[in-house]
Protein chains: 2
Amino acid sequence: MKKKSNGRGMQGSRRQEILRIGAGLFREKGFDATTIRDITAAVGIGSGSTFCHFRSKRDILDEVARHGMDLVLAEAEAVVRRALAPAEQLRTLIQRHMTLLHDPSSRDFVVVLLFEQRALSAAAKAQLAASMARYEALWEDCLRRLNLSQKGRADVPVHRLLFGALNWTAHWLRPVADPSPQVLADEVAGLLLNGIPG
Amino acid sequence: MKKKSNGRGMQGSRRQEILRIGAGLFREKGFDATTIRDITAAVGIGSGSTFCHFRSKRDILDEVARHGMDLVLAEAEAVVRRALAPAEQLRTLIQRHMTLLHDPSSRDFVVVLLFEQRALSAAAKAQLAASMARYEALWEDCLRRLNLSQKGRADVPVHRLLFGALNWTAHWLRPVADPSPQVLADEVAGLLLNGIPG
DNA sequence: CCTACCGATCGGTAGG
DNA sequence: CCTACCGATCGGTAGG
């Protein structure tokens, strides 16, 4: 039996390459503005060869986003398993989130996950919604233990405000001119934990 | 002399209609995924008629984003002119920003401005960058007077973190299930001004 | 994985 | 503002 180069769990180094390069282009230009020919030209294969590995262009996006979600969720679960003090846990969650959002090895997948949701297939959307709910629950627990998220007042989802502050950095944070993702992460954590430094 | 229906400063109710409906579709589906035919079908004209009013599809986007910027900047300038106490000024800036971001009469323009920057023409990008710098400066002044943004530590642009928290609400805030934009705005202002409510 | 190609759709134009 | 249409490009397929 010949080994299939298609399917999900295979070796597929070419497949990985298409995912990696596709993720980069999706992040830079957006899903709709990226063509199969953009991707295959960067990989160095004919445009038709894409479909030896993926059923459609959207399938590539789905998989890129799934991988982004896996990275982000696995990291948070690992942090929670360390059973740190709540304040240290929050600081670490913020740190890891910011790192995954900006490190070259992960940012393409995570940014696409966050900013290209609209283009995902319905199936991927549903699957990712469940994982995202789990991710949010981890943050909510952490914030609740710090009394930063209490059911009081108006049911404000503080963790989502925090996500916004962090995720938006993908739009403006520039490598040299701005503080590093890690420094910024610590400042955000400090702002939340110690309040405004008077 | 016949009056031209083209050009910028004209009456052009049809032109306005294309802008309004275009803005709505750009927000919902994104610029690339919206076709000229989507827009004209919703307006109720032939697809070719678009180009009596705009030179290109991108011109529509440019104008939509410009209008979004005008709304947001004019509102902030008006707030600053009222010369409120700094805390009240910040609260009002947040209120107005959230309203423009969620009110049906403005949100399409503002959300497109914020989330479709990538697709803008180079000229529009440059023009909007200048206006945005002005907008940011207003917020920075306000935050500085409250000692919420000090040049200390690591040059953290607090106003951009705040923008992220606010702008991200466009992705998750749902009319009925969640607090209203105004309630949320007040909570965010309270969180910043009074610190975490112990 | 390649070459050759197809049907559909897109932004935009022409001529009235 | 309409009708008719065009050239380009796109995602995807066929056959090897």
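Order of the sequence lines fixes the chain letters, A, B, ..., with proteins taken first and strands second; residue numbering starts at 1 for each chain.
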Figure out the [atom1]/[atom2] separation between [X] and [N], and round it to whole Å.
X       : N      : atom1 : atom2 : value
B:Ile39 : D:dC1  : CD1   : P     : 15 Å
B:Leu25 : C:dG11 : CG    : P     : 12 Å
A:Asp59 : D:dT13 : CG    : C1'   : 16 Å
B:Arg37 : C:dA8  : CZ    : P     : 14 Å
B:Ile45 : C:dG11 : CD1   : P     : 14 Å
A:Phe54 : C:dC1  : CZ    : C1'   : 15 Å
B:Asp32 : D:dG11 : CG    : C1'   : 15 Å
B:Phe31 : C:dG11 : CZ    : P     : 8 Å

Task: Involving DNA chain C, stems made of at least three consecutive Watson-Crick or G-U pairs, both distances under 3.5 Å - done: C:1-16 with D:1-16
Is the shortest side-chain heavy-atom distance between [X] and [Y] below 4.5 Å?
X        : Y        : result
B:Asp59  : B:Ser56  : yes
B:Leu90  : B:Leu148 : yes
B:Val43  : B:Arg14  : yes
A:Tyr135 : A:His159 : no

Can you figure out which of [options] approaches the side chain of [X] most closely?
X       : options                : result
B:His53 : D:dC1, C:dG11, D:dG11  : D:dC1
A:Ser47 : D:dC1, D:dG12, C:dG11  : D:dG12
A:Thr35 : C:dG11, D:dC1, D:dC10  : D:dC10
B:Lys57 : C:dC1, C:dG12, D:dC1   : C:dG12
B:Phe51 : D:dT13, C:dG12, D:dC10 : C:dG12

TODO: Check whether any side-chain N or O of A:Ser49 sits under 4.0 Å from OP1 or OP2 of C:dC2, and answer yes or no.
DONE: yes
- [ ] Check whether any side-chain N or O of B:Arg14 sits under 4.0 Å from OP1 or OP2 of D:dC1, and answer yes or no.
- [x] yes
Please output the side-chain donor-acceptor pairs of residues 20-32 of chain B that fall under 3.5 Å, not counting sequence neighbours, one pair per line with the distance.
{"from": "B:Arg27", "atom 1": "NE", "to": "B:Asp108", "atom 2": "OD1", "distance (Å)": "2.5"}
{"from": "B:Lys29", "atom 1": "NZ", "to": "B:Asp38", "atom 2": "OD2", "distance (Å)": "3.0"}

TODO: With heavy atoms under 4.0 Å as the rule, sort A:Ser56 into base, sugar-phosphate or nothing.
DONE: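 Sugar-phosphate, backbone atoms only, no base.
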Task: Sugar-phosphate, base or nothing in reach of A:Thr40, heavy atoms under 4.0 Å - done: nothing
Task: Counterpart residues, side-chain contact (heavy atoms from CB on, under 4.5 Å), relative to A:Asp103 (two or more places apart) - done: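 In terms of side-chain contact (heavy atoms from CB on, under 4.5 Å), with neighbours along the sequence ignored, A:Asp103 is linked to A:Thr99, A:Ser105, A:Ser106.
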Open item on the list: Between A:Trp172 and B:Phe163 (judged by ring centroids, cut-off 6.0 Å), do the two rings come close enough to count as a pair?
Closed with: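 They do not qualify: ring centres at least 6.0 Å apart.
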- [ ] Please check if atom CZ in A:Arg145 has more than 12 non-hydrogen atoms from other residues, nucleotides or ligands closer than 6.0 Å.
- [x]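 It does: A:Arg145 CZ has more than 12 such atoms within range.
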- [ ] Please figure out whether A:Gly46 or B:Gly48 has its closest DNA chain C nucleotide nearer the 5' end.
- [x] A:Gly46
